[in-house]
Each structure stands twice: as C-alpha cells, then as structure tokens.
Number of protein chains: 2
Amino acid sequence: MTQHTEQRPLRRDAQRNIDALLDAAKQVFGTSGVDAPAKEIADLAGVGVGTLYRHFPKRSDLVKAVFQAEVDATADAAPALAAEHDPVVALEKWLHRYTEFLATKRGLASALHSGDPTFDALPAYFIGRLGPAVGSLLDAAAAAGAIRPVASPKDLLYAVSKLSVTMSDEDPEHGRRMLDLLVDGLRYQA
Amino acid sequence: MTQHTEQRPLRRDAQRNIDALLDAAKQVFGTSGVDAPAKEIADLAGVGVGTLYRHFPKRSDLVKAVFQAEVDATADAAPALAAEHDPVVALEKWLHRYTEFLATKRGLASALHSGDPTFDALPAYFIGRLGPAVGSLLDAAAAAGAIRPVASPKDLLYAVSKLSVTMSDEDPEHGRRMLDLLVDGLRYQA
DNA sequence: AGCTAAGCGGAACGCTCTTCCAGAACTATA
DNA sequence: TATAGTTCTGGAAGAGCGTTCCGCTTAGCT
C-alpha cells in the first residue's frame, strides 16, 4: 500500500503493521471521524499504540497517509478497469469509483482545511495522480471514437466533484443518475 | 448580548457571566480555534469551568451562541449606521462590517459543517436576521434614488460572501477594493 | 546458531473534559 | 432592613485520551 523508498528496506513486520494501521485508520476515520481515539485504531490494526506513534508521530501524518493511499488506490484502478472493459464503460466505472473516493474524503475535508502545513502538498498530489489517471481513460475513449474530446481531465474531475457534493445532501441515487447523464453527454451522438 | 426569554429573568450575576463567557469564547475561538481548552475560556472570562458547563452544557451550545451573538451584532449595526450616515455610505459601511463578520466565521465554519444537529437552524437564522438588515439599508438607499433596486437582499449577501472568500487568500486590501467596486456598481450612473 | 539492530507493546504521566455539590450570592417578601 | 428561599458559583474529583519511553522481542544477516 505504501512503501518507504529509503536506502534500507523496512523490516517485514514493520511494513505489515503500517499497512494494517492504514487499513484500520481508513475504517475508523470513516466511522468515528478523524478525531477517533488512537487506541481504537491501534486495536483494530492489532498493534500497540506505541507502534502507531512510531510510524505516524503526528495525527496529521496518519491522515495524510490515508488520504494518499486512497488517492493511489483510486488512480491505480484506472489501468485495471481499462484492461477489463471497453473505453467508455471503463471511464464510467472509474468515475463512479472516484465519487466513492470523494464521499470518503468528506470526513477528512475539515482536517484538510485545518491549516496544518502537513496538508499543503495534498491538493497537488491529488491532481498529479488522478489527472493522468482520467486522462488516459479519456484518451483511450476518444481514440476509440466513442466520446468527444474533453478540454482537460482536471476540469472533469472538478465538475464531477461539484456534482457529487450537491448530490450527497439528497438521494444518493440522484447523484448517480446525474453522473451517468454527464458521461452520456460525453458520447458522440449517433 | 443574549437574554433568556423564559418566565423567570436570569439572575444578574448569571447574565454577566454569560456575557463574559461569550466574549471570551469569541476571542479564544479566534486565536486557538473551536477546540480550545474549556479552562482557557473560563479563565479569560474570570469564572470557573463549572459555570461554563452550567450555561453551555455542550461545546456546540457555546459555538452556536457565539455565532448567533455575532449575527445579532452585525444585524444591529444596520439601523445604527442608517441613523448616522446617508443611505449609500451606511450601506457601504455595513457591507464592510459584514465582511469582517465573515472573516470571523471562517474559524467556525468547520464546526458548522460537522453534522451536529445543533447547527441545523443556523443558516436560517443567518438569513432571517441579516436579510432584513441589508434589506432596510437597500430600501433606504433606493428610496433616496441613490442606487438601482436589487433583486434580493439574500443575493447580495451571498455575492459578497463569495467575494470575500476568494479575497481572503490574497491581499485583504484587494477584497476591500472589489467590494467597493460592487457598491459603486449599485449606484445610478450620473 | 548466534549476533545486532530495528521494531514492538503497553505502563505511566500529564492534560482535558465533564460532573457534582457545599457554600456564596442574589431576589422577593415582610 | 432582615430573612427565607432559590439560583448560581467554583474548583475538586473521576474518567478518558494523547503521547512518551524503554525493556523485551524478532527479523535479517553471517
């Protein structure tokens, strides 16, 4: 999920614990919010709190790591979907995946805007990873002649996020239909 | 600042303490954020923590009360300004006052969107107090023939808030100039 | 197998939230 | 003004969480 890129590789158990903590934190952040007790996360991961603090000295480190892991997972879904489905379906499925990510992110949003400098680089990371991901899907679909060209992947990400913010307040199905509509709008008319 | 409207009037010392707590909370929220230690607020107000909890059992009660007090103060400034200045100047001054309020509110924003049901009624309170406040200033200026009629006070509040959100990131002076521009736009051309 | 250093767990400490109640302070009444 | 009755106050006490620290464990190497 996350590997350190320093000279010494991390010990196996350490890497295992980091992954377990990331999984646990993602889950706990979703249920109990970002201010959940550290022990709750450590317990769920099956490690002591000392281990948590060893790898993530500050809470913001953990939040950041969870966020990046989710961005990575979402970005990595793009090539996988592209391999399994035809271009437009892959794009559709990926955008749904992306809205799920946005829903998760909502819990982290207040933390992200808290002014902690640890989070300053995250928006750039977000665009840097997700932009190329949609970009490749869009290019593939456009190359197949299935959709019209889109000005910029970034605009699409932004538009979908706006769409899913307003949608969350009401019926979640409603948001899904709106997104489908957007994708249909991308297609060339017969 | 805030008075209880129940049958029994509040004891004098109690009312004094409530006001002191509100002042202190407003100040502390501004410097240390809404998660500041309760003791810090109590100390600044010159009361014990017990007193704080008596009047504001939940932290959200205090946040809400501070917010409402600020809304009230901002709304009450309208008639005062109207009495002292000619219509357009009063409107101008009040809008500047309003942007100051928005700046303060930013600290509370994350709390307001936290999903706590205590805060559900606040947006309505905001419009209910501030809408008529600008409304009366606009009407007075329009009646004096100084400005063109505005579709709705609510729209103006919304527009100014949008303006001041984008402005806060950069030069504060910049935002002030933009606001002045907006007010100038309201005037009838010679 | 034996050595070394990275990594682990959880006890312990300090800080904050929240409750509670004996006594102080205020108001109403005479 | 004096008194009774009530409200309100302050801070000690209990509980819970965050964070640190260090003796023990275990992976990785020879």
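Proteins come first, then strands; the chains are lettered A, B, ... in the order of their sequence lines, and each starts at number 1. All values reported here derive from a predicted model rather than from experimental measurement.
- Proximity of R11(A) to the phosphate of dG7(C): no side-chain N or O atom is located under 4.0 Å from OP1 or OP2.
- Between I41(A) atom CD1 and dT19(D) atom P there is a gap of 11 Å when expressed in whole angstrom units.
- What separates CZ of F56(A) from P of dT19(D) is a distance of 14 Å, to the nearest Å.
- Atom P of nucleotide dC17(D) and atom CZ of R59(A) are separated by 12 Å, given to the nearest angstrom.
- Checking dC17(C), dC8(C), dT9(D) against every side-chain atom of A14(B), the shortest atom distance belongs to dT9(D).
- In the set dT27(C), dG10(D), dA11(C), the nucleotide with an atom closest to the side chain of V49(A) is dA11(C).
- Taking all atoms of both residues into account, the shortest heavy-atom contact from W94(B) to T74(B) is NE1-O, 2.9 Å.
- Rounded to whole angstrom, the span from the NE2 atom of H55(B) across to the P atom of dT7(D) amounts to 13 Å.
- By the 4.5 Å heavy-atom criterion applied to side chains, I41(B) and F29(B) are counted as neighbours.
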R129(A) and D76(A): CA distance, side-chain angles, deciding distance, salt bridge (Lys or Arg N to Asp or Glu O under 4.0 Å) verdict: CA-CA 9 Å; R129(A) 291 288 274 134; D76(A) 292 345; 3.3 Å; yes
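- Nucleic acid contact for V47(B): sugar-phosphate only, since backbone atoms but no base atoms lie under 4.0 Å from a heavy atom of the residue.
- The residue among R16(B) and P57(B) whose nearest nucleotide of DNA chain C is located toward the 5' end is P57(B).
- Of the residues near DNA chain C, D13(B) and A36(B), the one whose nearest nucleotide (by heavy atom distance) lies more toward the 5' end is A36(B).
- Counting to the nearest Å, the P atom of dC8(C) and the CD atom of Q15(A) are 11 Å from each other.
- The shortest heavy-atom contact between I127(A) and K154(A) is CD1-CG, 3.9 Å.
- What separates CD of E40(A) from P of dG16(D) is a distance of 15 Å, to the nearest Å.
- When each of A38(A) and N17(B) is assigned the nucleotide of DNA chain D bearing its nearest heavy atom, the one mapping closer to the 5' terminus is N17(B).
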With side-chain contact (heavy atoms from CB on, under 4.5 Å) as the test, would you mind laying out the steps for V134(A) and L91(A) before giving the verdict? CA-CA 8 Å; V134(A) 230; L91(A) 177 62; 4.3 Å; yes
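- As rounded to whole Å, 15 Å separates atom P of dC17(D) from atom CG of L52(A).
- If you check dG7(C), dC17(C), dG18(D) against the side chain of Y53(A), the one that comes closest is dG18(D).
- Here T51(B) does not reach the OP1 or OP2 of dC8(D): none of its side-chain N or O atoms lies under 4.0 Å away.
- Here the P atom of nucleotide dT7(D) and the CD1 atom of I18(B) are 15 Å apart, to the nearest Å.
- Contact annotation: R12(A) side-chain N/O to dG28(D) OP1/OP2 distance is under 4.0 Å.
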